[in-house]
Amino acid sequence: MAASSLNLLRYFYCGGGRAPRRATKEALCSLLRRIPSPSRRHCCSTRVGTAAAKEQSCLRSYDLVALEYADLNLPNKASEELGHVRIRQHVNPLSSSFSMPARVPDWNEVFRDPTLPLMVDIGSGSGRFLIWLAKRNPEVRNYLGLEIRQKLVNRANLWMKELALSNVHFLFANATVSFDQLVSTYPGPLMLVSILCPDPHFKKRHHKRRVVQRPLVDSIIKNLMRGGQLFIQSDVLEVALDMRNQFDAEGDVLHHIDAFDQSLLCDSEGWISSNPMGIRTEREIHAEFEGAKIYRRLYQKWI
């Protein structure tokens, strides 16, 4: 696909944190038809059906994710070795099967330079987000993804090896149980922690399964370097408020970024208007495609 076409598509779907322009879907279909078939996976079907069915066959969140991460050129070897990776969308982190702490790796084997500042993504999902960042910052920062679904970890590490990246790694870990012992042994400073669209666990009796709980909050604050940052976001307002309330309560240690950097625009309720990381997560792409708002906060440790 021509770079200009990809840029146009990003204009439609990444414009300053605004809701996607639904009126442009026909134009996007035209762009998607020009993508080689392995990438677009039969989108823009011409089969006869209702207008809604045609629209659904034309644009899927999978297609938009593939486009946003197209320059990664992720190899097919992972799919060949692991087969079709089917996962449960939500798992219970309180299950006994996730209660064992993750083994602390030899950081010299995991990263080429384990003294570089570290970013930890809690709930790294497929890993595309961290791999994209790692590929663009090979000598600047190391990236560690903690994910509770083993198959996603296996595939992400295969992608990482195929791309010959030495500054990113993924661990099968329950962050609530393992975060502190992992990051406290890392030789370099903890510069950034991200918690992006975590499992919402909507039912009140399941709120205790949410990843942001008191022990994790304390561990993040304890290990984060002075000047280090914490980025949280969710497309579920209730979950975003739950995280925000817990980190806002740490105002003696954490300040929201607008106290340091006025260039990051926030709305009237204090949510950051657009993603500051340079690329959206897969969940973020899907949610904005559906017209949902993403609620973001970025904190900095000031003492």
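FYI, side chains are in, hydrogens and waters are out, and symmetry mates aren't considered; it's all heavy atoms of this structure.
Counting only heavy atoms from C-beta outward, the side chains of W132 and R128 never approach each other to under 4.5 Å. With a 4.5 Å cut-off on side-chain heavy atoms, N142 and W107 do not count as touching. D199 is not listed as a side-chain neighbour of V239, based on a closest heavy-atom distance of 4.5 Å or more. For the pair R210 and D242, the minimum side-chain heavy-atom distance is below 4.5 Å. When side chains are defined from C-beta on, I195 does not count as touching F231, because their heavy atoms never get closer than 4.5 Å. By the 4.5 Å heavy-atom criterion applied to side chains, M191 and M225 are counted as neighbours. Contact check for P138 versus L165: no side-chain heavy atoms found under the 4.5 Å cut-off. Contact annotation: the side chain of Q233 never approaches that of R297 to less than 4.5 Å [non-hydrogen atoms, C-beta and beyond].
Taking hydrophobic clusters as Ile, Leu, Val, Met, Phe, Trp and Tyr residues chained together by side-chain heavy-atom distances below 4.5 Å, M277 does not share a cluster with W271. Linking Ile, Leu, Val, Met, Phe, Trp and Tyr whenever their side-chain heavy atoms come within less than 4.5 Å puts L190 and W302 in one cluster. Hydrophobic clustering (ILVMFWY, side-chain heavy atoms < 4.5 Å, transitive): M119 and V140 are in distinct clusters. There is a path of hydrophobic side-chain contacts, each under 4.5 Å, that joins I221 to V120. At a threshold of 4.5 Å between side-chain heavy atoms, the hydrophobic network of Ile, Leu, Val, Met, Phe, Trp and Tyr places I272 and L265 in two separate groups.
Under the rule for a side-chain contact (heavy atoms from CB on, under 4.5 Å), R226 has no partner lying at least two apart in sequence or in another chain. Taking N157 as the reference, V153, M160, H169, F170 meet the side-chain contact (heavy atoms from CB on, under 4.5 Å) condition, with sequence neighbours excluded. Applying the side-chain contact (heavy atoms from CB on, under 4.5 Å) criterion to Q229, with sequence neighbours excluded, gives L192, I257, L298, Q300.
Using a 4.0 Å cut-off between a side-chain N of Lys or Arg and a carboxylate O of Asp or Glu, E250 and R214 qualify as a salt bridge. Ion pair D71/K135 not flagged as a salt bridge, since none of the NZ, NE, NH1 or NH2 atoms sits closer than 4.0 Å to an Asp/Glu carboxylate oxygen. In this structure, R283 pairs ionically with D235, as a charged nitrogen and a carboxylate oxygen lie closer than 4.0 Å.
Relative orientation of the Y299 and F247 rings is tilted, given thresholds of 30° and 60° on the angle between their planes.
Side chains of S194 and D121: a donor-acceptor N/O pair is present below 3.5 angstrom, by distance only. At a cut-off of 3.5 Å, with distance as the only test, a side-chain donor of D180 or N223 sits close to an acceptor on the other residue. Checking N154 against Q150 by side-chain atom types alone, a donor-acceptor pair falls below 3.5 Å.
Residue R296 comes nearest to S274 through the heavy atom pair NH1-CA, 3.5 Å, listed as atom of the first residue, atom of the second, then distance. Closest approach of T185 and L182 over heavy atoms only: OG1-O, 2.9 Å. Residues I131 and A156 approach most closely at CD1-O, 4.0 Å, considering heavy atoms. The heavy-atom pair separating C266 from H256 by the smallest distance is SG-CE1, 3.7 Å. Contact detail for E284 and I294: the closest heavy-atom pair is CG-CG1, 3.9 Å. When every heavy atom of A134 is checked against every heavy atom of N167, the shortest pair comes out as O-ND2, 3.1 Å.
One distance of note links CD1 of I220 with CG of D218; it measures 9.5 Å at 0.5 Å rounding. Rounding to the nearest 0.5 Å gives a distance of 10.5 Å between CZ of R155 and CZ of R149.
A donor-acceptor pair under 3.5 Å is absent between the side-chain atoms of S178 and the main chain of A173, judged by distance alone. No side-chain donor-acceptor contact under 3.5 Å links H286 to the backbone of E282. With hydrogens and angles ignored, the 3.5 Å screen pairs no side-chain donor or acceptor of E109 with any backbone N or O of P105.
The 12-atom threshold is not exceeded at CZ of R112, counting heavy atoms of other residues, nucleotides or ligands nearer than 6.0 Å.
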Exercise for the section: Check step by step if side-chain contact (heavy atoms from CB on, under 4.5 Å) holds for F179 and V211. Expected result: CA-CA 11 Å; F179 180 87; V211 67; over 6 Å; no
Practice task
Start with the C-alpha gap between E147 and F172, add the side-chain angles, then the distance that decides, and say whether side-chain contact (heavy atoms from CB on, under 4.5 Å) holds.
Solution key: CA-CA 5 Å; E147 174 55 51; F172 171 58; over 6 Å; no
